[in-house]
Each structure stands twice: as C-alpha cells, then as structure tokens.
Amino acid sequence: MVAPDFSPDRFAGWHMVNTLLQSRSGLQLHLLTPSSAQEQADLLRHDKADLIYANPFDAAHLIRDLGFRAFARPVGKPDEMVIATAAASPLRCLEDLRPGSRIAVTDNRDVKLIGLRLLEAADLTDKDLQWVLVETFQAGARLTIKGEVDAGFFLAEIYHSLSRITRSQLKVLIESAIFDITHVLLAHQRIVGEIPAIMTALSGIGQRSADHEVLEALGIPGGFEKMNDEEAEFMVDLMDTLLD
Amino acid sequence: MHLPDMQYPPPPGGACECRLTYHDGTRRLVYCVDREEPFPDGRLIVSRTNLAGIITHANEAFVTMSGYTIEELIGAPHHILRHPEMPKAAFADLWTTIASGKKWHGYVKNLRKDGLFYWVYATVIPNVRGGVVVSYTSVRRKPSRRKINEMSDLYSKMLSQERAAQ
C-alpha cells in the first residue's frame, strides 16, 4: 500500500516498481493506492496491507502501536512542506499571516503538523486559523491563486511538481528544511521473514540501466536504502516532539 | 565533565564575562555578546544525548547555530550552550521532567561559541527502547518574537530571585 500523498504523475512509477519487485523477489504483490488518508485508514482497519510506504506521521502509529517493522527509506528525499500565498497577495512573509487567516489544507497530517510548527514563529496556532479542507494539493493551489484563502499548505514535492504557470501565480512564504523526516517502507509482522528478499530486490532497483527510468518515474532517483529499527525509532521520536 | 574556558577575545566594551557553575559542580568562563543570531527559517535543531547529558548526535542546523564544529559537540555536555541569562530553575525543571519519563517543553536562550545568543523553543523527550529510557532527543524550533520578549522578562526576574537567594 502506498500512502496517498504522492503526485498523480508518480502513479505509473509505483506500478513499475511493483512489477519489478514481484519479478525480482518472487513474491506476489498487489498494489493498493488509497486516494485519501481516510481510505488508507479503512484499509488498515481491515488489515489489508502487508507492506506500506508510509508517511512519517502514520509511521509512528504503525510502528509503535501496530508493530510494523521499518526496513527501507528513499535516498535523499526528505518530507518537506511549503506554505504559499498568491503571487499578488500583500503577504510577504510568514509573520504577515494574522489570526483568522484562511488556510487551504489537505488531509495530509504530516504537512499540517509541520506547517503548524513553522507558524509558531508567527505566533499562530491551530485555533487561530480558519482551515479550508481540500481534496488535493492542486485544489489548494487553485483556491490560493484565486484569493479564496490567504495561504495554502503543500507537500514540497508536490508544490515543486505543479506546472510552471501555476507556480508563477504563487509565492512561497516558507519552505521547511528539516531533512530528518522521510517516508518509510514498513512490513507487517506476518511477513517479516520476507524482508530480506524484498530489500534485496528493492535496493537492486537502480543497478540496471533500465531501472533509472523507473526511479525517475517514481520521483526517487536515488532509490531506496536500508533503515534499521533504531533509525526508525529516532524518526518517530522526532515526530513525537512535533506533536505539541 | 569539565569544559575549557571560552577562548573568545572579548571586543572592547562589547562583551560581558561570566563564570558559570554547572549542575555537576564544574565551572567555565564564558563571554557573552548582546547580539542575537536569528533562528533559520524552516529548520529544526536536533540533537540527542545520553542519560548524562553528553551529546551523541547533532544535526547540521545544530552545528551551524551553535558555532561549534561537530567534533567539538559530540562528547561534550549539552550545557556547553548554557547562557548566563538562563535561570537554573528552568534546567532543573527540564531534568526533573525527563527523568520521570515525560516530555519537556520550554524556551531557552542559548550561548554560541562566538558569544552571540539564539532563542529556541525546545522539546526534549526520553527515548524509550524496550520499556527503558536509553537517551534523550531534543528538537528546537523557531519561537515567536512575542514569546521571546515574554520569556526574557520572566527569566530575568527568576535570575534576580536566584541571585538574591544565594
């Protein structure tokens, strides 16, 4: 299962990786791509996922509460977020946002959490703002450009993948540069024995010339690297410090 | 653990000199310049210590903001950043809280190697592995100017009380 926070143009990349993983590991894998955090939660509640490419916020719950094991993470692809306003907006920096500001936000909890931590510097908390829930980051960009919200919260990767025309109508107020928080690949306890085969297949993607096309399509050109339990725990601890 | 005195040559009339005594009884001469280094936008300062407060991990933002090299930070006590204008009670509260297994939040004025200062909003959590606290992780975020002013006044009053009680 892949967390529903990747850009739509990465969809083909995930199918290509799934095909490669199956052929190289010998395991049967059925790709699940929930379209929302709610759909992902429903699949988890029904215990439908053995492997999850999870965002760091969900990883904390999956590792600590549900016993999933982290075993890999993308190389050089930290999860960062962007707060942007319309290019024509009088807002010039984060501190220009005031209580009562309207913010477009998706149901991606990582992005909202990190955004709220950045807004502390402007003396703004969750209750100071009016949240406008949107289905996608692209929808958030449209509302921001039209001036229907004062600013939008974006996953940085998706913000930077917006079309040049769209980005030219937006203005970045701040972009996080945390570096230590990434998506992680998690395995359910029932398939822990399969991790070595999956990891071998996964870390091998990129070693054959044709693989680069797959990693490019995925938006993870550096491929995947091993992540041990302590590295995962460290990231979960870090997320914990950001909760309040 | 004993820290060497700061070697910073105080600029004429621009720095104050202070000898700090830490919780472990060691002392150190520090120089403070009344100039703030702004917290970098969008960043988090991350470090980890062992149970004795010795730094075992520091991220790039920590190195940059502290003014020390990574080699100087790893193995040093976290109080290498202690600013003389921080009241002892704030750190006593921190250690009491995390020693009981709880998360601690607080505003801290830190001293850089070059004598400048920077303010952070710090969160410290115990790292629990197999039911046992094995280390502490500290994450520092950018505080608002309003909170800095508020805490600056509060800490000044607390310091005065601590000095009066000595």
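Naming: A, B, ... by sequence-line order, numbering from 1 per chain. Atoms considered below: every heavy atom in the structure, side chains included; atoms not considered: hydrogens, waters and symmetry mates.
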Starting at [atom1] of [X], measure out to [atom2] of [Y] and round the result to the nearest 0.5 Å.
| X | Y | atom1 | atom2 | answer |
| --- | --- | --- | --- | --- |
| B:S135 | A:E230 | OG | CD | 6.5 Å |
| B:D41 | A:L94 | CG | CG | 7.5 Å |
| B:L44 | A:R117 | CG | CZ | 10.5 Å |

Below 4.5 Å from any heavy atom of chain A, which atoms of [X] appear? Answer side chain, backbone, both or neither.
| X | value |
| --- | --- |
| B:R141 | side chain |
| B:F39 | neither |
| B:N59 | side chain |

Problem - Part of A:F179 lying under 4.5 Å from any heavy atom of chain B - result: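 Side chain of A:F179 only, per the 4.5 Å heavy-atom cut-off to chain B.
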Exercise for the section: Could you check which of A:I83, A:L118, A:L242, A:L119 has the highest count of heavy-atom pairs closer than 4.5 Å to chain B? Expected result: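 Greatest number of close heavy-atom pairs with chain B: A:L242.
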Practice task
Decide, yes or no, whether a salt bridge links B:R145 with A:E95 under the criterion of side-chain N to carboxylate O below 4.0 Å.
Solution key: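 No, this pair does not count.
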Exercise for the section: Test side chain to side chain contact (heavy atoms under 4.5 Å, CB included) on B:V46 and A:T241 and set out the steps. Expected result: CA-CA 10 Å; B:V46 181; A:T241 70; over 6 Å; no
Exercise for the section: Identify which of B:K142, B:R48, B:E60 forms the greatest number of heavy-atom pairs closer than 4.5 Å to chain A. Expected result: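 Of B:K142, B:R48, B:E60, B:R48 has the most heavy-atom pairs under 4.5 Å with chain A.
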Exercise for the section: Check for a donor-acceptor pair, side chain of B:K103 on one end and backbone N or O of A:D244 on the other, with a separation under 3.5 Å. Expected result: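 Here the side-chain-to-backbone pair does not exist.
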